[in-house]
Amino acid sequence: MADPIFIAVAVLTVGTAIIALEARELIYGAISLAISMLGIAGFFLLLDAPFVAMFQIAVYVGAIAVLIIFAVMLVRTQALFTTKEDKKRKAAGIALMLIIMSSLGALFLASGLSGQFGQFNTSPPIDFTEIGELMLTYYAPALIILGLTLAGSVIAALALARRESITGQEEGEEEEAEQQRHERDS
Amino acid sequence: MSEILDFVIVSMVLVAIGIYGLVVKRNAIRMLFSIEIIANAANLLLVAFSRGLPNAQGQVVALFSIAIAAAEVAVGLGLIIVAYRLYKEIDVAEFRSMRG
């Protein structure tokens, strides 16, 4: 049976994941998502993968969560508080979630995962020098492509988020867009 | 002690929560949260099975996956900010110019 530390981390991760989606204020949701990612890092520590856990904390909690919080601050607050949700749609979503959970859960419980293969404490943990070696030998091309992807995505994000023009032209464009929106609404 | 099945079940619950968020929420940033939760569940499975085999390649792929998730969030937030600038709204149902 699962040990108490595992259960505590599982409750923390799943609970904060639910809070991240259901919190009324988006900024609390972002903080809650960061805590959920910390919980995943705790799972990695339980799985004897400290290197991946530290990477998770550095990238997810350190970079992604801060990025999301900044984006939330850039968006006007009024747009964040208006929650337009159907009750029907929400009920359908919860039903879909329960169907996925029960069917996949039945599948996993019926599979052979709980047998001999499932006991992972019999084998020695993976040394992180092995990860470094694999990254620099077998996965070296993938590492290079990953670096290019990251650079490309940073350039793409900069190109997307920059202002259209530095001169006063953008004011007129924004007004025009606003006017078009009103026309569509009416 | 815990076994692999426990981690698989936690991962499955996280995927279900993420799908619920993607289906129900109309706020673009919350949909991004859901995608992040699903990606985290996938990483958890990769590391769990990497420990069970035991094989270091699962952890290497998990590291790549985390890095790609960072890139994806950067582009996704850029898109959300552009959409917000165009529509003054982050509700995906209000993004009407491409509605069929």
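Keep in mind that the numbers below use all heavy atoms, side chains included, and drop hydrogens, waters and symmetry copies. Because the structure is predicted, anything quoted here is derived from the model rather than measured. Each chain gets a letter, A, B and so on, in the order its sequence line appears, and its residues count up from 1.
Between chain A and the residues B/Ile80, B/Val13, B/Ile81, B/Ile9, the most heavy-atom pairs under 4.5 angstrom are made by B/Val13. Options B/Val10, B/Ile66, B/Val75 differ in how many heavy-atom pairs under 4.5 Å they form with chain A, and the most are formed by B/Ile66. For chain A, the option among B/Ile19, B/Leu22, B/Val60, B/Leu79 with the highest count of heavy-atom pairs below 4.5 Å is B/Val60. Per-residue counts of heavy-atom pairs under 4.5 Å with chain A were compared for B/Ala69, B/Gly21, B/Pro54; the largest is that of B/Pro54. Here A/Phe43 is the residue among A/Phe51, A/Phe43, A/Phe70 with the most heavy-atom pairs under 4.5 Å with chain B. In terms of heavy-atom pairs under 4.5 Å with chain A, the best-connected choice from B/Val82, B/Val73, B/Leu44 is B/Leu44.
Between A/Ser36 and B/Asn40 there is no side-chain heavy-atom pair separated by less than 4.5 Å. A/Glu22 places a side-chain heavy atom less than 4.5 Å from the side chain of B/Tyr20. The shortest distance between side-chain heavy atoms of B/Gln59 and A/Glu130 does not fall below 4.5 Å. At a threshold of 4.5 Å between non-hydrogen side-chain atoms, the residues A/Leu26 and B/Phe33 count as touching.
One hydrophobic cluster holds both B/Ile68 and B/Val15 under the rule that ILVMFWY side chains link at heavy-atom gaps under 4.5 Å.
Proximity to chain B is limited to the side chain of A/Leu146, based on heavy atoms less than 4.5 angstrom apart. Within the 4.5 angstrom heavy-atom criterion, only backbone atoms of B/Asn55 (N, CA, C, O) approach chain A.
In this model, no donor atom of one side chain and acceptor atom of the other lie less than 3.5 Å apart for A/Tyr138 and B/Gln57.
A distance of 6.5 Å separates NZ of B/Lys25 from CG of A/Leu21, quoted to the nearest 0.5 Å. To the nearest 0.5 Å, atom CD of residue B/Glu72 and atom OG1 of residue A/Thr149 are 13.0 Å apart. For the atom pair A/Ile68 CD1 and B/Ile29 CD1, the distance stands at 8.0 Å (nearest 0.5 Å).
In terms of heavy atoms, A/Ala71 sits closest to B/Leu77 at CB-CD2, 3.5 Å. Minimum heavy-atom separation, A/Leu150 to B/Ala67: CD2-O, 3.6 Å.
Between the B/Arg30 side chain and the A/Ala20 main chain, a donor and an acceptor come within less than 3.5 Å of each other.
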